[in-house]
Participant: 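Handing you a structure now.
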Amino acid sequence: MSDHTKLHRPVLNWFRAHARVLPWRADDRTAWGVLVSEIMLQQTPVARVEPVWRAWMQMYPTPKELAEASAGDVVRNWGKLGYPRRALRLHETAKALVRDHDAQVPDDYSTLIGLPGIGSYTAAAVASFAFGQRHTVVDTNIRRVLARAIKGEAVPQPTLTAAETRLAEKLLPATRARAAEWNVAVMELGALICTARSPRCDACPIKRSCQWQLDGAPAPAPDRAGRKQAWHGTDRQLRGAVMDVLRAPGGALPIDALTDASAGALPINILADATAGALPINILADATAGVPAGSARQALPVHSPDQADALARLRSLAPEQSRLARIVDGLVADGLARVRDGAISLPD
DNA sequence: AAGGCGGGGCA
DNA sequence: TGCCCAGCCTT
């Protein structure tokens with residue numbers, strides 16, 4: 001077995017010379033700031049996270065401020081970072097911290113991983129980056145670096161395997177401080193040098209010992225498991241478009257927007273379909289509670305021209321009312337939207 | 001183990 | 001256009 005500890009010094013020296021300056025790595029960083037950054041960075045590039053993170057640190061400098069915010073404001077302030085359920089889970093985590101942890105970010109992995117939206121990666125990352133502990137951190141960058149440098153594979157396995165975690169554990173330096181710096185250093189190497197496409201191997205501090213290089217940098221096997229879900233025309237695209245409408249100032253979606261206006265359809269049509277089992281019924285039950293059938297339209301809010309444009313865009317994405325209704329029902333089930341007074345809006 | 005979940009930038 | 005990005009959660 002080769003001595004992998006030889007990788008430590010060149011990678012750490014490279015990191016000290018070339019690391020990006022990022023606010024959540026500053027000496028005056030807080031554990032809360034690190035936690036917020038880790039949630040935002042899940043499947044999201046640094047460049048898009050940084051401005052939103054700065055705004056959040058102004059609005060929510062500690063868990064207390066976020067815990068006291070409304071879910072609707074939290075989702076709105078998440079902006080277009082994507083995966084807005086992350087915002088709701090972070091909100092829930094902030095409330096849990098205030099309620100159960102003296103409004104502090106816990107420093108132990110087992111407590112962290114019990115919080116909403118915090119999985120094995122994020123728990124280890126917070127323990128390592130915020131508290132300097134020795135934990136095995138395995139993210140997409142580290143997986144790729146180890147796949148190439150140690151295993152000689154151009155691309156890591158599609159899903160994280162137990163063997164990969166064991167390998168990362170074996171490579172972790174023995175001391176706390178060194179382990180924590182190693183984690184962020186390997187991640188940075190993967191982000192700046194050992195990138196997924198067009199890696200900059202000539203600038204790599206471990207090129208000489210990289211197994212992938214020694215093997216002649218073979219291309220990945222053409223197999224490339226399971227084809228990815230397309231974007232255009234998908235439910236995800238429509239969900240995002242609905243959320244974009246709801247995030248707008250005063251954004252709301254009248255229930256009858258889910259019907260085809262040109263056909264003069266009324267909400268009652270949705271109800272009829274819903275009772276026939278053709279549609280999700282959650283939003284419909286809420287929407288009609290306290291709104292007698294036949295009088296629903298008077299309670300509907302007036303839409304602005306912007307809203308009209310947004311609604312037209314939604315209809316162009318989903319001409320079928322049943323599909324839009326199903327999407328909205330999913331948003332409500334996830335807590336990202338509420339139905340009140342005959343309209344769909346962000347939660348309270 | 002697999003699939004759903006956003007959005008934008010880049011080759 | 002397809003791939004990628006400091007993953008998590010549910011089934």
Side-chain angles (χ1 to χ4, degrees), chain A residues 15 19-20 22-25 33-53 75 78-90 92-93 112-130 135-145 154-162 164-165 168 180 182-192 194-200 220 222 224-247 317 326-327 330-331 333-336:
Chain A
F15 177 74
R20 290 170 292 183
L22 297 173
W24 46 86
R25 288 182 190 161
V34 171
L35 172 56
V36 172
S37 79
E38 292 301 338
I39 302 295
M40 289 183 172
L41 286 163
Q42 290 167 2
Q43 300 288 286
T44 310
V46 166
R48 287 208 348 230
V49 165
E50 187 163 350
V52 180
W53 183 89
V75 171
W78 193 253
K80 307 193 78 169
L81 276 185
Y83 295 141
R85 286 182 295 184
R86 289 184 294 172
L88 290 180
R89 290 171 182 151
L90 184 52
E92 291 305 311
T93 281
L112 285 164
I113 203 171
L115 294 165
I118 298 183
S120 59
Y121 162 76
T122 303
V126 170
S128 181
F129 304 151
H135 270 281
T136 305
V137 175
V138 184
D139 81 318
T140 187
N141 290 301
I142 292 177
R143 294 185 63 213
R144 186 175 53 252
V145 171
V155 174
Q157 299 297 115
T159 60
L160 178 63
T161 65
E164 282 181 279
T165 301
W182 166 257
N183 284 328
V184 67
V186 179
M187 286 175 63
E188 193 77 340
L189 188 66
L192 298 183
C194 195
T195 53
R197 284 169 299 187
S198 307
R200 301 170 54 208
R224 303 304 289 122
R227 47 182 64 88
K228 290 277 172 94
Q229 183 182 30
W231 173 249
H232 185 76
T234 61
D235 284 359
R236 296 176 76 172
Q237 180 191 34
L238 183 54
R239 264 179 76 106
V242 172
M243 288 302 295
D244 200 32
V245 171
L246 301 186
R247 273 195 305 265
L317 287 173
R326 176 171 55 77
I327 292 301
L331 291 173
D334 286 343
L336 287 166

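Labels below follow one simple rule: chain letters A, B, ... track the order of the sequence lines, proteins then strands, and each chain is numbered from 1.
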Participant: Quick one: does Trp78(A)'s side chain have a donor or acceptor within less than 3.5 Å of a partner on Val52(A)'s backbone?
Facilitator: no
Participant: If you compare every side-chain N and O of Thr140(A) against the phosphate oxygens of dC5(C) (OP1, OP2), does one of them come in below 4.0 Å?
Facilitator: yes
Participant: Go through the steps to decide whether Leu112(A) and His135(A) satisfy the test side chain to side chain contact (heavy atoms under 4.5 Å, CB included), and finish with yes or no.
Facilitator: CA-CA 13 Å; Leu112(A) 285 164; His135(A) 270 281; over 6 Å; no
Participant: Can you list the residues that meet the side-chain contact (heavy atoms from CB on, under 4.5 Å) rule with Gln42(A), with sequence neighbours excluded?
Facilitator: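 side-chain contact (heavy atoms from CB on, under 4.5 Å) list for Gln42(A), sorted by chain: Ile39(A), Arg86(A), Thr122(A).
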Participant: Base, sugar-phosphate, or nothing: which does Ser120(A) touch, judged by heavy atoms less than 4.0 Å apart?
Facilitator: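 Answer is sugar-phosphate: Ser120(A) comes under 4.0 Å of backbone atoms only.
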Participant: Which whole-number value in Å describes the distance from Asp235(A) CG to dG3(B) C1'?
Facilitator: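 Roughly 13 Å, once rounded to whole Å.
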Participant: Can you tell me the distance, in whole Å, between the CG atom of Leu81(A) and the P atom of dC5(C)?
Facilitator: 17 Å
Participant: Quick one, Arg25(A) with Glu188(A), criterion salt bridge (charged side-chain N to carboxylate O under 4.0 Å, His left out). Give me CA distance, side-chain angles, the key distance, then yes/no.
Facilitator: CA-CA 12 Å; Arg25(A) 288 182 190 161; Glu188(A) 193 77 340; 2.6 Å; yes
Participant: Where the side chain of Arg239(A) is concerned, which of dA6(C), dG7(B), dG6(B) is the nearest nucleotide?
Facilitator: dG6(B)
Participant: When the P atoms of dT1(C) and dC5(B) are compared, how many Å lie between them, rounded to an integer?
Facilitator: 23 Å
Participant: Can you find an N or O donor on one side and an acceptor on the other, under 3.5 Å apart, linking the side chain of Thr44(A) with the base of dG6(B)?
Facilitator: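 Under the 3.5 Å cut-off, the side chain and the base do form a donor-acceptor pair.
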Participant: Nearest whole angstrom, please: distance from the C1' of dA6(C) to the CD1 of Ile142(A).
Facilitator: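 Rounded to the whole Å, the gap is 8 Å.
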Participant: Counting N and O atoms only, with roles assigned by atom type, does the side chain of Arg89(A) sit under 3.5 Å from a partner on the main chain of Ile118(A), one being a donor and the other an acceptor?
Facilitator: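 Flag not set: sc Arg89(A) to bb Ile118(A) has no pair under 3.5 Å.
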Participant: How many whole angstroms separate atom CD of Glu50(A) from atom C1' of dG8(B)?
Facilitator: 17 Å
Participant: With respect to the side chain of Arg197(A), which nucleotide from dG2(C), dA6(C), dC5(B) is positioned closest?
Facilitator: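 Of the options given, the side chain of Arg197(A) lies nearest dG2(C).
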Participant: Scan Val46(A) against the nucleic acid and name what it touches under 4.0 Å (heavy atoms): base, sugar-phosphate only, or nothing.
Facilitator: base
Participant: Please state how far atom CZ in Arg48(A) lies from atom P in dG7(C), giving the value in whole angstrom units.
Facilitator: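 It works out to 13 Å between those atoms.
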Participant: Roughly how many Å is it from CD in Gln157(A) to P in dG7(C), rounded to a whole number?
Facilitator: 17 Å
Participant: Please tell me which of Ser198(A) and Leu336(A) maps to the more 5' nucleotide of DNA chain B, matching each residue to the nucleotide holding its nearest heavy atom.
Facilitator: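 Taking each residue's closest nucleotide, the earlier one in sequence belongs to Leu336(A).
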Participant: Take Trp24(A) and Val46(A) through the test side chain to side chain contact (heavy atoms under 4.5 Å, CB included) and record every step on the way to the result.
Facilitator: CA-CA 11 Å; Trp24(A) 46 86; Val46(A) 166; 4.1 Å; yes
Participant: Report which part of the nucleic acid Trp24(A) touches: base, sugar-phosphate, or nothing (heavy-atom distance under 4.0 Å, all strands).
Facilitator: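 Base, at least one base atom sits under 4.0 Å.
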Participant: With a non-hydrogen cut-off below 4.0 angstrom, is Ala196(A) in contact with a base, only sugar-phosphate, or nothing?
Facilitator: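 Sugar-phosphate contact only - Ala196(A) comes under 4.0 Å of backbone atoms but never of a base.
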Participant: If you compare all heavy atoms of Pro156(A) against all heavy atoms of Glu164(A), which two are closest, and at what distance to 0.1 Å?
Facilitator: CB-OE2, 4.0 Å
Participant: Rounded to whole angstroms, how far apart are CG on Leu90(A) and C1' on dG6(B)?
Facilitator: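 From Leu90(A) CG to dG6(B) C1': 17 Å.
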Participant: Separation of Asp334(A) atom CG from dG6(B) atom P, in whole Å?
Facilitator: 8 Å
Participant: For DNA chain C, which residues of residues 112-119 of chain A approach it to below 4.0 angstrom with any heavy atom?
Facilitator: Pro116(A), Gly117(A), Ile118(A), Gly119(A)
Participant: Spell out, as yes or no, whether a donor-acceptor pair under 3.5 Å connects the side chain of Thr234(A) to the backbone of Trp231(A).
Facilitator: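 Flag set: sc Thr234(A) to bb Trp231(A) pair under 3.5 Å.
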Participant: Any side-chain N or O of Thr122(A) less than 4.0 Å from the OP1 or OP2 oxygen of dC8(C)?
Facilitator: yes
Participant: Under the side-chain hydrogen bond (donor to acceptor under 3.5 Å, both in side chains) test, which residues partner Ser128(A), sequence neighbours left out?
Facilitator: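 For Ser128(A) the side-chain hydrogen bond (donor to acceptor under 3.5 Å, both in side chains) partners, ignoring immediate neighbours, are Asn183(A).
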Participant: Could you check which of dG7(B), dC9(C), dG7(C) has an atom nearest any side-chain atom of Tyr83(A)?
Facilitator: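 From the listed options, dG7(C) comes nearest.
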Participant: Please determine, for the side chain of Arg89(A), which listed nucleotide (dC9(C), dA6(C), dG6(B)) has the closest atom?
Facilitator: dC9(C)
Participant: Considering only side-chain heavy atoms of Gln42(A), which listed nucleotide, dG7(C), dA6(C), dG7(B), is closest?
Facilitator: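 Nearest nucleotide to the side chain: dG7(C).
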Participant: I want to check one thing: is the phosphate of dC5(C), taken as OP1 and OP2, less than 4.0 Å away from some side-chain N or O of Gln43(A)?
Facilitator: no
Participant: At under 4.0 Å, does any side-chain N or O of Arg144(A) touch on OP1 or OP2 of dC3(C)?
Facilitator: no
Participant: Sticking with atom C1', work out how far dC5(C) lies from dA1(B), rounded to a whole angstrom.
Facilitator: 22 Å
Participant: Counting only side-chain nitrogens and oxygens, does Arg86(A) get under 4.0 Å of the OP1 or OP2 atom of dG6(B)?
Facilitator: no
Participant: Would you measure the distance from the P atom in dA6(C) across to the matching atom in dG4(B) and give it in whole Å?
Facilitator: 23 Å
